[in-house]
Visitor: 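Take a look at the following structure, please.
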Amino acid sequence: MRNGLSKDLIARVLGGTPKYTLDELEAKYPPRQLPDGAMVTRFAPSPTGYMHLGNLLSCTIGYKLAQQSGGLFMLRIEDTDTKREIKEAVDIILKGMEVFGFKPDEGVGYGGEYGPYYQSQRKDIYHSVAAYLLEKGLAYPCFLTQEEMDDIRAKQSAAGFGTGIYGEFARDRDISEEDIIKHLENGETPTIRLYSTGNPDNRIYCKDLIQGTLSVPENNEDIVLIKSTDRLPTYHFAHLCDDHFMRTTHVVRDRSYFGTFALHVQMFRMMGWQLPNYIHIATLDKIDEETGNQRKMSKSKDPENNLAFFLQKGWPTESVVEYLGNILAPGYEEAKLKGQVKSFWDYELKPKKMPVSGSLFDMKKLEWWAKEYIATLPVDVLVKHVVDWANEYGNEDNKKQVADVKYLTSVLAIERDNPKRIRKDFITWQQTLNEVSYFWDFLFVPNNEYTYNQDVLKGFLETWNESDDKDTWWGKVVAVAEKCGVKPGEVAMNLRVAMTGRTNTPDLYSVMQVLGDKRVQERIRQHL
RNA sequence: GGUCCCAUCGUCUAGCGGUUAGGACAUCAGAUUCUCAUUCUGGUAACACGGGUUCAAUUCCCGUUGGGACUGCCA
């Protein structure tokens, strides 16, 4: 601890008089009145671009924990990095959460008593806490320039020391009031740094709900609390102030925060505040195409990391969440297969059971979840999804395909009547439309490679009657086969290829019924 | 380089001293079907390595190797 600054100097250093005392803040944001065990969680993305899978993962956990414990889920926007901020990002986040089915109880766009929920609007709170630290000698203004710090870093690296502003490298750690005033009068804006009292020779125990207790060296870096550039807080300080005054009980965040875990624990202790529970989630990985190594999904390198990718391709959002749920809750899949639960939302998520190390994102398994999910949908729901997707993301062809909803419905209803034997060849809304494209004349590609048996085609045409029931129809196919001296299967294959251009299709009778007499006749005749 | 974490089939994992090491996806084979899909049956496939501890190690301890994350006035 160093000498505290005078109130007047604190105001000058901070660029204004702090608005609150700590007591006032405590009164303004009192502990929440919730039943025992209720978890208060938050999704706290920074608006720096698109919403990615990692975001969705932590959002899912926060939401689920709050939901299953009768707690509360917040959306906080961590917009303290003005340089990297992207204008539309908040809308993307809001929309992303909505389409994936996450509705916060409070937060940006949802209101609440513990706001503001934009960090950029919480300056008064951060500055008030910073003022307290300055007054107590637990923080100090630092006037190191970027160049000076670059220099320090270079020297540290060259000497094999850890980089950062700590100990002897923290030049202004014990700066006098006179020197502070000099810098101020020189027009400089300081960063506010933590006056760290940690000693790396000591170990501190940090408890993570997934991992258990970690032993790490104490932090001795005088990390930045308030940036000089815009007087906004750094992540560390915002985390401390926000999760305390928003009364977060469970901090769900990326595993990459492990490195600063000790620092955060120390800061809470320094304030005498109750430490929240921490849940550091494992990364979602992929195999790097260049190196062949497993690595965390990257925002810039991996298009499939972007949730927009899933939306554009028409992946059922529910199945993406189910897939993630399966990663988070081993045992969920089995419970679901046994029919014990209907969805991930019915299965208890236990932090202790969540994966400890990174998992490879498995598209094949996602496909399986998607197929299973789509197979459970009543045809009208399936149709609605496909229509909605086509209208928002589809190309012109897709839009034409969904124009006649009645026809689309009859196409998608094929082999959906028996719940035990529903076709599982639909994966995404986009792929669904591609899969059945031959039902539309403008997309139908006649197969001219196939060697048709003319006798079969002609023979069938002579007896074909649209109003025949399936047995009658099949009887006629068999009759044609006998007449032409071939197997019934060959008749069916001739018709199938003529009808669809493909050798693999759903039930031929259903296909012909949906196509209708006119198309059936046309498609056969063009090969005669 | 420093700090921290991790290590069971190709993938996601169950296991918490004694198991034929279980499941799911993927894959392969067979049955069913007018083709395909579905459905059903079956199969291939894993405890990274080396030391301990123990009557007994996949399981506990140590080391090695391998992998990952962090190391910013980014979060």
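A note on names: the letters A, B, ... follow the listed sequences, proteins ahead of strands, and every chain is numbered from 1.
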Visitor: Short of 4.0 Å, heavy atom to strand atom, which residues of residues 346-357 of chain A count as contacting RNA chain B?
Guide: K353(A), P355(A), V356(A), S357(A)
Visitor: Taking atom P in both C16(B) and C55(B), what distance in whole Å separates the two?
Guide: 22 Å
Visitor: What is the distance, rounded to the nearest whole Å, between atom CG of L263(A) and atom P of C4(B)?
Guide: 16 Å
Visitor: Could you go through N220(A) and S196(A), starting from their C-alpha distance and side-chain angles, then the distance that decides it, and tell me whether this counts as side-chain hydrogen bond (donor to acceptor under 3.5 Å, both in side chains)?
Guide: CA-CA 5 Å; N220(A) 68 334; S196(A) 177; 5.9 Å; no
Visitor: To the nearest angstrom, how far is W368(A) atom CH2 from U13(B) atom C1'?
Guide: 13 Å
Visitor: NA contact type, L508(A), heavy-atom cut-off 4.0 Å: base, sugar-phosphate, or nothing?
Guide: base
Visitor: Using 4.0 Å as the upper bound for N to carboxylate O, is an ion pair formed by R423(A) and D425(A)?
Guide: yes
Visitor: Write down the distance separating the P atoms in C28(B) and G17(B), rounded off to the nearest Å.
Guide: 39 Å
Visitor: How would you list, by chain and number, every residue that makes a side chain to side chain contact (heavy atoms under 4.5 Å, CB included) with K123(A), sequence neighbours excluded?
Guide: H127(A), R231(A), L232(A)
Visitor: Scan nucleotides 61-63 of chain B against the protein and return all N/O pairs shorter than 3.5 Å with their distances rounded to 0.1 Å.
Guide:
none

Visitor: Restricting to nitrogen or oxygen on both sides, can you table the protein-nucleotides 28-30 of chain B pairs closer than 3.5 Å?
Guide:
none

Visitor: Excluding sequence neighbours, so at least two apart, what forms side chain to side chain contact (heavy atoms under 4.5 Å, CB included) with P47(A)?
Guide: I77(A), D79(A), E85(A), A89(A), V90(A)
Visitor: Which residues in residues 452-461 of chain A have a heavy atom closer than 4.0 Å to any atom of RNA chain B?
Guide: none
Visitor: Side chains of K64(A) and T41(A): is there a donor and an acceptor less than 3.5 Å apart?
Guide: no
Visitor: Pairing check on C70(B): which nucleotide meets the Watson-Crick or G-U wobble criteria with it, both distances under 3.5 Å?
Guide: G2(B)
Visitor: Check every strand shown and say whether R203(A) touches a base, only sugar-phosphate, or nothing at a heavy-atom separation below 4.0 Å.
Guide: sugar-phosphate
Visitor: Would you mind listing every salt bridge (Lys or Arg N to Asp or Glu O under 4.0 Å) that reaches into residues 198-227 of chain A, with sequence neighbours excluded?
Guide: R173(A)-D222(A)
Visitor: Taking atom types as modelled, find out whether E449(A) and N447(A) have a side-chain donor-acceptor pair closer than 3.5 angstrom.
Guide: no
Visitor: In whole Å, what is the span from the NZ atom of K364(A) to the P atom of C25(B)?
Guide: 14 Å
Visitor: When you look at CZ of F161(A), are more than 12 heavy atoms from neighbouring residues, nucleotides or ligands closer to it than 6.0 Å?
Guide: no
Visitor: Say we look at C70(B) and A14(B): how far apart would their P atoms be, to the nearest angstrom?
Guide: 24 Å
Visitor: What is the per-nucleotide protein-contact pattern of nucleotides 68-75 of chain B, from the 5' end, where B denotes a base atom under 4.0 Å from a protein heavy atom, S denotes such proximity for sugar-phosphate atoms only, and - denotes neither?
Guide: SSSSSBBB
Visitor: Taking only distance into account, with no hydrogens and no angle test, what donor-acceptor pairs under 3.5 Å do side-chain atoms of residues 236-243 of chain A form with protein atoms, sequence neighbours excluded?
Guide:
from, atom 1, to, atom 2, distance (Å)
H236(A), ND1, H264(A), NE2, 2.9
H239(A), ND1, D243(A), OD2, 2.8
H239(A), NE2, Y278(A), OH, 2.8
D242(A), OD1, R122(A), NE, 2.7
D242(A), OD1, R122(A), NH2, 3.2
D242(A), OD1, Y126(A), OH, 3.0
D242(A), OD2, Q119(A), NE2, 2.8
D242(A), OD2, Y126(A), OH, 2.8
D243(A), OD1, R42(A), NH1, 3.1
D243(A), OD1, R76(A), NH1, 3.0
D243(A), OD1, T248(A), OG1, 2.7
D243(A), OD2, R42(A), NH1, 2.5
D243(A), OD2, R76(A), NH2, 3.4

Visitor: Are a donor atom and an acceptor atom from the side chains of N434(A) and S437(A) found within less than 3.5 Å of each other?
Guide: no
Visitor: Hey, does P217(A) reach any base, or is it just sugar-phosphate, or nothing, if we go heavy atoms under 4.0 Å?
Guide: sugar-phosphate
Visitor: I'd like to know if D288(A) and R295(A) make a salt bridge, using a cut-off of under 4.0 Å between side-chain N and carboxylate O.
Guide: yes
Visitor: Searching all strands shown, indicate the nucleotide that pairs with C55(B) (Watson-Crick or G-U wobble; both distances under 3.5 Å).
Guide: G18(B)
Visitor: Any luck finding a side-chain donor-acceptor pair between E148(A) and T145(A) under 3.5 Å?
Guide: yes
Visitor: Using atom names, set out every protein N or O paired with an N or O of nucleotides 37-44 of chain B below 3.5 Å, distance rounded to 0.1 Å.
Guide:
from, atom 1, to, atom 2, distance (Å)
A37(B), O2', K424(A), N, 3.2
A37(B), N3, R423(A), NH1, 3.4
U38(B), O2', I422(A), O, 3.3
U38(B), O2, R421(A), NH2, 3.2
U39(B), OP1, K424(A), NZ, 2.8

Visitor: Which base sits across from A26(B) as a Watson-Crick or G-U pair, both distances under 3.5 Å?
Guide: none
Visitor: How many Å lie between CZ on F161(A) and C1' on U3(B), as a whole number?
Guide: 17 Å
Visitor: What integer number of Å spans the C1' atoms of G22(B) and C9(B)?
Guide: 12 Å
Visitor: What I want to check is whether the side chains of R523(A) and Y438(A) have a donor and an acceptor closer together than 3.5 Å.
Guide: no
Visitor: Please determine if E322(A) and K336(A) form a salt bridge, counting it only when a charged side-chain N lies under 4.0 Å from a carboxylate O.
Guide: yes
Visitor: Take the protein atom CG of N326(A) and the nucleotide atom C1' of G23(B), then report the distance between them rounded to whole Å.
Guide: 11 Å
Visitor: Please list all pairs meeting ring pair (Phe, Tyr, Trp, His ring centres under 6.0 Å) that have one or both residues in residues 474-507 of chain A, counting only residues at least two apart or in different chains.
Guide: none
Visitor: Rounded to whole Å, how long is the line connecting atom CG of N202(A) with atom C1' of U3(B)?
Guide: 16 Å
Visitor: Return the nucleotide paired to U65(B): Watson-Crick means purine N1 to pyrimidine N3 with N6-O4 or O6-N4, wobble means G-U with N1-O2 and O6-N3, both under 3.5 Å.
Guide: A7(B)
Visitor: For residues 489-497 of chain A, dump all side-chain donor-acceptor pairs below 3.5 Å to protein atoms at least two apart in sequence or in another chain.
Guide:
from, atom 1, to, atom 2, distance (Å)
N494(A), OD1, N453(A), N, 2.8
N494(A), ND2, E490(A), O, 2.9
R496(A), NE, T505(A), OG1, 2.9

Visitor: Hey, mind stepping through E415(A) and R421(A) against salt bridge (charged side-chain N to carboxylate O under 4.0 Å, His left out) and telling me if it holds?
Guide: CA-CA 8 Å; E415(A) 287 186 273; R421(A) 298 178 83 89; over 6 Å; no
Visitor: Expressed as a whole number of angstroms, how long is the span from M499(A):CE to C36(B):C1'?
Guide: 17 Å
Visitor: Please state how far atom OH in Y323(A) lies from atom C1' in A26(B), giving the value in whole angstrom units.
Guide: 12 Å
Visitor: Do K301(A) and E289(A) pass the salt bridge (charged side-chain N to carboxylate O under 4.0 Å, His left out) test, and can you show the C-alpha distance, the side-chain angles, and the key distance before you say yes or no?
Guide: CA-CA 10 Å; K301(A) 291 184 197 164; E289(A) 277 144 28; over 6 Å; no
Visitor: Which value, in whole Å, describes the distance between the P atoms of nucleotides G63(B) and U11(B)?
Guide: 27 Å
Visitor: Between D81(A) and R84(A), is there a side-chain N and carboxylate O pair less than 4.0 Å apart?
Guide: yes
Visitor: Which atom names give the shortest non-hydrogen contact between I93(A) and F43(A), and what distance separates them?
Guide: CG2-CE2, 4.1 Å
